[in-house]
**Student:** 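Take a look at this one; I'll ask things after.
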Amino acid sequence: MTSPDRLVRVATARGVTTLTLDSPHNRNALSTPLMTELLDGIAAAVADEAVRVIVLDHTGPVFCSGADLKETAAAYASGTVPAGMLGDVLAAVWECPKPVLAKVAGPARAGGLGLIAAADLAVCAEEATFAFTEVRIGVVPAVISATVLPRLHPRAAAELYLTGDTFDGRRAAEVGLVTAAVPADGLDEAVRRYCASLVRGAPKALAGAKDLLRRPAATDLRAEIAGLSAISTGYFLSDEGREGVLAFREKRNAAWVPVD
């Protein structure tokens, strides 16, 4: 059972672990304690073979306001700020071998945008708002660019980074920050549908598909095709591949699909 004083609540059902940011008093700011719990939650979900999908959720009206500015201000005396751990969190989400889906019902700013971009899929309410406001307080969205810029269309990135203007969920979907924007009352159902699809994928194949998505652009097409052909053959000959083909032929669910 999750302790009432924890900042990240954990719940698992039917192969889906939900990590819920639960620090509404500071708009789910990325404090060191919250990020520590989030890293622990991700690591535990990755280690649990029964977990197939990770959902990032939140309590309160705000998904995540970014860095804990109170903690940051207190750190000025030491000449450092707690930005390093944010990089660790973004890398943990981006590199996670299991699909990660962000469920965004409310505003996100700064590090919260990096967290959304790091997830494989992100679904937001159309009414949710987003903004890269860093330049307006004299800083830049440096760390989060590692995950944000691969998602955003270049022209949109320039506009949003330089103006700091606020945009809604529909625009977030248009520019690639999120996968889909839906009416607020349809958010839970949209997340459920995505999770139902994701758990049908074979665990090792899902990890392999994520590796393909992160693969750098090829400079030698024939060498790239040869390498990918070898990967494809390996998966077809694997235990998962054999079971998947057999299940398809027998018109049944594969062994890895969770049972209701």
**Student:** Distance-only, no hydrogens or angles: does the T17 side chain make a donor-acceptor pair with backbone N or O of V51 under 3.5 Å?
**Tutor:**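 No.
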**Student:** Inspect the surroundings of CD in E250 and state if more than 12 heavy atoms from other residues, nucleotides or ligands are less than 6.0 Å away.
**Tutor:**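 Count over threshold, so yes.
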**Student:** Donor-acceptor pair, R151 side chain versus V175 backbone, under 3.5 Å?
**Tutor:**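 No.
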**Student:** Going from OG on S23 to CZ on R6, what distance comes out if it is rounded to the nearest 0.5 angstrom?
**Tutor:**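 With rounding to 0.5 Å, OG (S23) is 12.5 Å from CZ (R6).
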**Student:** About how many Å separate CG of D168 and CZ of F130, when rounded to the nearest 0.5 Å?
**Tutor:**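 One finds 8.5 Å between CZ of F130 and CG of D168.
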**Student:** Using a 3.5 Å distance criterion without hydrogens, assess whether the side chain of H58 forms a donor-acceptor pair with backbone atoms of P24.
**Tutor:**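 No, because the side chain of H58 does not come within donor-acceptor range (under 3.5 Å) of the backbone of P24.
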**Student:** Nearest 0.5 Å please: distance from the CZ atom of R200 over to the CH2 atom of W256.
**Tutor:**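 Result: 10.0 Å between the selected atoms.
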**Student:** Could you tell me whether the side chain of T166 and the main chain of A131 form a donor-acceptor pair under 3.5 Å?
**Tutor:**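 Absent.
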**Student:** Please identify which of these residues, L101, L19, V104, meets the side-chain contact (heavy atoms from CB on, under 4.5 Å) condition with L56.
**Tutor:**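 The option that passes is L19.
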**Student:** Taking everything shown except K204 itself, do over 12 heavy atoms lie less than 6.0 Å from its NZ?
**Tutor:**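 No, not enclosed.
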**Student:** Decide whether L198 and V100 are clustered together by the hydrophobic rule: side chain heavy atoms of Ile, Leu, Val, Met, Phe, Trp, Tyr closer than 4.5 Å, transitively.
**Tutor:**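 L198 and V100: separate clusters.
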**Student:** Rounded to the nearest 0.5 Å, what separation is found between the NZ atom of K98 and the CD1 atom of I42?
**Tutor:**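 Answer rounded to 0.5 Å: 12.0 Å.
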**Student:** Which distance, rounded to the nearest 0.5 Å, do you find between the CG of L7 and the CG of N26?
**Tutor:**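 With rounding to 0.5 Å, CG (L7) is 8.0 Å from CG (N26).
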**Student:** Can you tell me which residue pairs pass the side chain to side chain donor-acceptor pair (under 3.5 Å) test with a partner in residues 231-245, sequence neighbours excluded?
**Tutor:**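 Side chain to side chain donor-acceptor pair (under 3.5 Å) check on residues 231-245 returns E243-R252.
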**Student:** Do R52 side-chain atoms and V199 backbone N/O form a donor-acceptor pair below 3.5 Å?
**Tutor:**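 Looks like yes, one N/O pair under 3.5 Å.
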**Student:** Quick check: does any side chain N or O of W94 sit under 3.5 Å from a backbone N or O of A119, one acting as donor and the other as acceptor?
**Tutor:**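 Between the backbone of A119 and the side chain of W94 there is no qualifying donor-acceptor contact (under 3.5 Å).
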**Student:** Can you pull the side chain to side chain donor-acceptor pair (under 3.5 Å) pairs that have at least one residue in residues 177-192, sequence neighbours excluded?
**Tutor:**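 Residue pairs passing side chain to side chain donor-acceptor pair (under 3.5 Å), neighbours aside: K103-D188, E189-R192.
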**Student:** Closer than 3.5 angstrom, by distance alone: can the side chain of T133 be matched with the main-chain N or O of R136 as a donor-acceptor pair?
**Tutor:**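 No; zero donor-acceptor contacts below 3.5 Å.
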**Student:** If you measure from CG on D48 to CD1 on I54, what distance do you get to the nearest 0.5 Å?
**Tutor:**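 That separation rounds to 10.0 Å.
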**Student:** For R214, look at atom CZ and say whether over 12 heavy atoms of other residues, nucleotides or ligands are found less than 6.0 Å away.
**Tutor:**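 Atom CZ in R214 is packed in, count exceeds 12.
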**Student:** Ignoring hydrogens and angles, tell me if any N or O in the side chain of E224 forms a donor-acceptor pair with the backbone of A218 under 3.5 Å.
**Tutor:**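 A pair under 3.5 Å: no.
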**Student:** At their closest point, which heavy atom of R109 faces which heavy atom of T129, and how far apart are they?
**Tutor:**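 Taking every non-hydrogen atom into account, NH1-O, 2.9 Å.
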**Student:** Would you name the heavy atoms of I116 and A108 that are closest together and state the gap between them?
**Tutor:**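 Smallest heavy-atom distance, with atoms named: CD1-CB, 3.6 Å.
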